[in-house]
*Asks:* 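Handing you this structure, nothing more for now.
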Amino acid sequence: MDLKDLYRDVILDHNKTPRHRGTLPPPARVAQGHNPLCGDQLTVYALMDGDILKEVRFEGSGCAISVASASLMTEAVKGKSQAEIAHLFKAIHDLLTRADAPIPASLGKLAALSGVREFPARVKCASLCWHTLNQALAGADAPITTE
Ligand code: ZN
């Protein structure tokens, strides 16, 4: 099995069996994201404990990439500080948008998203959940859109 097969398996697995799908009651912060290019709709719930993201959930409907990316994201960010999440966000942004960027081992399963590089139209599908989480962490109310 080469790396591409591995990546595809991770995406398929997280699309079929999304982790942390659902909602969280207040005082969890909520943000909504929309990717009009593809039609992906996402709502992210984030419960903070001080500076730590204690619990995270997402719901919505979208393509396989958007759902798998959100599922992978929730696994990666739960229990992390805002600074650690900001660092991951930057690493993911580089991973998705810079075709020549090396893939840091620290990304773990998130590296599966590097497969999206070959499909520029899908980059916004993969990054939607991260932008939406950022919005939730910022405590902003306005829905975000990738456009
Ligand atoms: Zn999509």
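Worth knowing before you read on, the calculation uses all heavy atoms, side chains too, and leaves out hydrogens, waters and symmetry mates. When a ligand or atom number is given, it counts from 1 through the structure's own listing order.
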*Asks:* Using a distance-only test with no angle check, is there a side-chain donor-acceptor pair under 3.5 angstrom linking Tyr45 and Glu59?
*Replies:* yes
*Asks:* Applying side-chain hydrogen bond (donor to acceptor under 3.5 Å, both in side chains) as the test, list every pair that has at least one member in residues 100-109; sequence neighbours left out.
*Replies:* none
*Asks:* Taking salt bridge (charged side-chain N to carboxylate O under 4.0 Å, His left out) as the test, write out the residues that go with Arg19, two or more places apart.
*Replies:* Asp13, Glu75
*Asks:* Mind listing the protein N/O/S atoms less than 2.8 Å away from the Zn ion (ligand 1)? Waters don't count.
*Replies:* Cys38 SG, Asp40 OD1, Asp40 OD2, Cys63 SG, Cys125 SG
*Asks:* Taking the side chain as every heavy atom from C-beta outward, state whether Lys54 and Met48 have any atom pair closer than 4.5 Å.
*Replies:* no
*Asks:* Please enumerate all residues that pass side chain to side chain contact (heavy atoms under 4.5 Å, CB included) together with His131, with sequence neighbours excluded.
*Replies:* Phe89, Ser127, Ile144
*Asks:* Given side chains that start at C-beta, do those of Ser66 and Asn35 come closer than 4.5 Å, heavy atoms only?
*Replies:* no
